[in-house]
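What follows is a short report on a single structure.
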Amino acid sequence: MISVCMATYNGGKYLREQIDSILKQISWQDELIISDDGSTDDTLDILRSYQDARIKLYHHQKIKQKYSFAYTTANFANALSYAQGDYIFLSDQDDVWIDGRVEKMLEQLKYYDVVVSDCEIVDGDLNILLPSKFSSEGIYTNIIKNIIKCTYLGCAMALKSSVLSYVLPFPKNVPHDLWIGLTVKFKGRIGILHAPTIKYRRHEHNVSATSAVVMKRNARLPKNRNTWRFKFSYRGILVRECCKFLYRVVFAK
C-alpha cells in the first residue's frame, strides 16, 4: 500500500493539477493524505469536490514558528502521522507528477530506505526552466555537505514507512526533508534516481527559496532574500539535533 502525504496551505491555484497527476498513478487501495494548515482560499473547496475515497483530508492546527519552513515541516509531520502505507511519497501542493514516477520509485525502494529523484524545474505554466535539478544544482548524500547546502528535496522523496520509527518526530526548526535525508544517511540507505519524476514548480508564491540558478532563467521570480544570519541560525540547531540523534543511535541499547 502507498501513502502519498501532501501538505497544503492556500494552494488552490495549482492544486487540482497536482492531485490529478497523483491519483492516476496510485491504485484504489492506496491513499492520498492531505494535511491542511488553515487555508483561506479555495483549497478546501477543491479538495471536497473530489468524490474519491483515496483522498483523506485532515486539518492541522497551525502554531507560530520561528522560521517559515517550520510551518511546512509541522504540516507534513501531521500528514505522516496518519499514513498507513508500506511506502510513503511526499508531495507539495503545486507540482505535477510525471507519468511513471510511482513505478520508478518503487523499483528503487527495493534496495533503499529513501529514494530522491531528479526533477524538471518549471515555471507556473509548466514551461521548463531547467531540465534537471541535479545537473544545475547538484545532488549528494554526504552529511557535512548537506548541512552546508541541502540538496534533498522533500517533494522528490519516497521512503519506506519503517524509517518513520526514527525520523519522527521532526525536531523543531529543522527542515523535514533535510532531517529525513541526514537521519537515514546515519541509519539506513539513500538512493538517488537520476531521472526526473516530477515537474517542480517555481513561482512567486513558493514557500521554499528559489535558487539563483533558476532565478536567472526567469526574471519574474522574486529574489531569494534569505540572509546569512538565517542560513547559519537554523544550521546551528540542525547540527545540535544531529549530534543528539547520533548519540541515540550509537548508545541505544
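Side-chain contact check for M105 versus Y87: every heavy-atom pair is 4.5 Å or farther apart. Looking at F76 and D92, their side chains come closer than 4.5 Å, going by heavy atoms from C-beta outward. When side chains are defined from C-beta on, E241 does not count as touching L182, because their heavy atoms never get closer than 4.5 Å. Counting heavy atoms from C-beta on, the side chains of F89 and L106 come closer than 4.5 Å. Residues V102 and W97 form a side-chain contact, since some pair of their non-hydrogen atoms from C-beta on lies under 4.5 Å apart. Using a 4.5 Å heavy-atom cutoff, the side chains of V116 and T151 are not in contact. Side-chain contact check for R240 versus K244: some heavy-atom pair is nearer than 4.5 Å.
Ring geometry, H194 versus F134: the interplanar angle exceeds 60°, so the pair is classed perpendicular (tilted spans 30 to 60°). Between W179 and F245, the two ring planes are perpendicular [angle over 60°; tilted spans 30° to 60°].
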Query raised in the report: So L159 and V184, side-chain contact (heavy atoms from CB on, under 4.5 Å) or not? Walk me through it.
Result: CA-CA 10 Å; L159 51 139; V184 174; over 6 Å; no

Query - Intermediate values then yes/no, side-chain contact (heavy atoms from CB on, under 4.5 Å), Q108 and S117 - result: CA-CA 10 Å; Q108 293 298 307; S117 82; over 6 Å; no

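Between D42 and G12, the closest heavy-atom pair is OD1-CA, 3.4 Å. When all heavy atoms are compared, the tightest approach of R48 to Q51 is O-NE2, 3.7 Å. Here the closest non-hydrogen pair linking P196 and P131 is CG-O, 3.9 Å.
Proximity of a side-chain donor or acceptor of R189 to a complementary backbone N or O of D113 within less than 3.5 Å is not detected. Of the possible donor and acceptor atoms, one in the side chain of D52 sits under 3.5 Å from a partner among the backbone N and O of R54. The closest donor-acceptor contact from the side chain of R101 to the backbone of I198 lies at 3.5 Å or more, if one exists at all. A donor-acceptor pair is defined here as one N or O able to donate and one able to accept, closer than 3.5 Å; such a pair exists between the side chain of R235 and the backbone of I147. Although no hydrogens or angles enter the test, the distance criterion places no donor-acceptor pair under 3.5 Å between the side chain of Q25 and the main chain of E103. No donor-acceptor pair under 3.5 Å is formed between the side chain of T73 and the backbone N or O of A70.
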Listing, residues 30-38 side-chain donor-acceptor contacts under 3.5 Å, not counting sequence neighbours, or none:
from, atom 1, to, atom 2, distance (Å)
D30, OD1, I2, N, 2.8
D30, OD2, S27, N, 2.8
D30, OD2, S27, OG, 3.0
E31, OE1, K56, NZ, 2.7
E31, OE2, S3, OG, 2.5
E31, OE2, Q84, N, 2.8
S35, OG, N75, O, 3.4
S35, OG, N75, OD1, 2.5
S35, OG, N78, ND2, 2.9
D36, OD1, T8, OG1, 2.7
D36, OD1, S39, OG, 2.6
D36, OD2, G38, N, 3.0
D36, OD2, S39, N, 2.8
D36, OD2, S39, OG, 3.4
D37, OD1, H60, ND1, 2.7

Between side-chain atoms of residues 162-178 and protein atoms elsewhere (two or more places apart, or another chain), which donor-acceptor pairs fall under 3.5 Å?
from, atom 1, to, atom 2, distance (Å)
S165, OG, S162, O, 2.9
D177, OD2, G154, N, 3.1

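Separating the CG atom in L153 from the CG atom in D95 is a distance of 7.5 Å, to the nearest 0.5 Å. From C150, atom SG reaches atom OH of Y140 across 8.5 Å, with rounding to the nearest 0.5 Å. For the atom pair CG of D99 and NZ of K104, the computed distance is 9.5 Å after rounding to the nearest 0.5 Å. Separation of atoms NZ (K13) and CG (D41) is listed at 11.5 Å; rounding is to 0.5 Å. For the atom pair L44 CG and L15 CG, the distance stands at 9.5 Å (nearest 0.5 Å). For the atom pair CD1 (I190) and NZ (K185), the distance works out to 6.5 Å, reported to the nearest 0.5 Å.
In this structure, K62 satisfies the cation-pi test against Y9, with its NZ or CZ atom closer than 6.0 Å to the six-membered ring centre and inside 45 degrees of the ring normal.
In this structure, a donor-acceptor pair under 3.5 Å is absent between the side chains of Y200 and D118. When only modelled atom types and interatomic distance are considered, N10 and T43 share no side-chain donor-acceptor pair under 3.5 Å.
Residues F186 and M157 share a single hydrophobic cluster, defined by chaining ILVMFWY side chains whose heavy atoms lie under 4.5 Å apart. Hydrophobic clustering places F69 together with V239 (ILVMFWY residues linked when any side-chain heavy atoms are closer than 4.5 Å, directly or through intermediates). Under a hydrophobic-cluster definition in which Ile, Leu, Val, Met, Phe, Trp and Tyr are linked whenever side-chain heavy atoms come within less than 4.5 Å, directly or via other members, Y111 and V115 are assigned to the same cluster. Under the 4.5 Å side-chain contact rule for hydrophobic residues, I98 and L23 do not share a cluster.
The local environment of NZ in K160 is crowded, with over 12 non-hydrogen atoms from other residues, nucleotides or ligands closer than 6.0 Å.
Partners of Q18 by side chain to side chain donor-acceptor pair (under 3.5 Å), not counting sequence neighbours, listed by chain and number: S21, S91. Residues satisfying the side chain to side chain contact (heavy atoms under 4.5 Å, CB included) test with I144, not counting sequence neighbours, are N142, I148. Under the rule for a ring-ring contact (aromatic ring centres under 6.0 Å, His included), the partners of Y82 that lie at least two apart in sequence or sit in another chain are Y58.
Summarising the hydrophobic clusters (Ile, Leu, Val, Met, Phe, Trp, Tyr; side-chain heavy atoms under 4.5 Å, direct or chained), the residues clustered with I63 are none.
Salt-bridge formation is not detected for the pair E17/K199: no Lys NZ or Arg NE/NH1/NH2 atom is positioned less than 4.0 Å from an Asp or Glu carboxylate oxygen.
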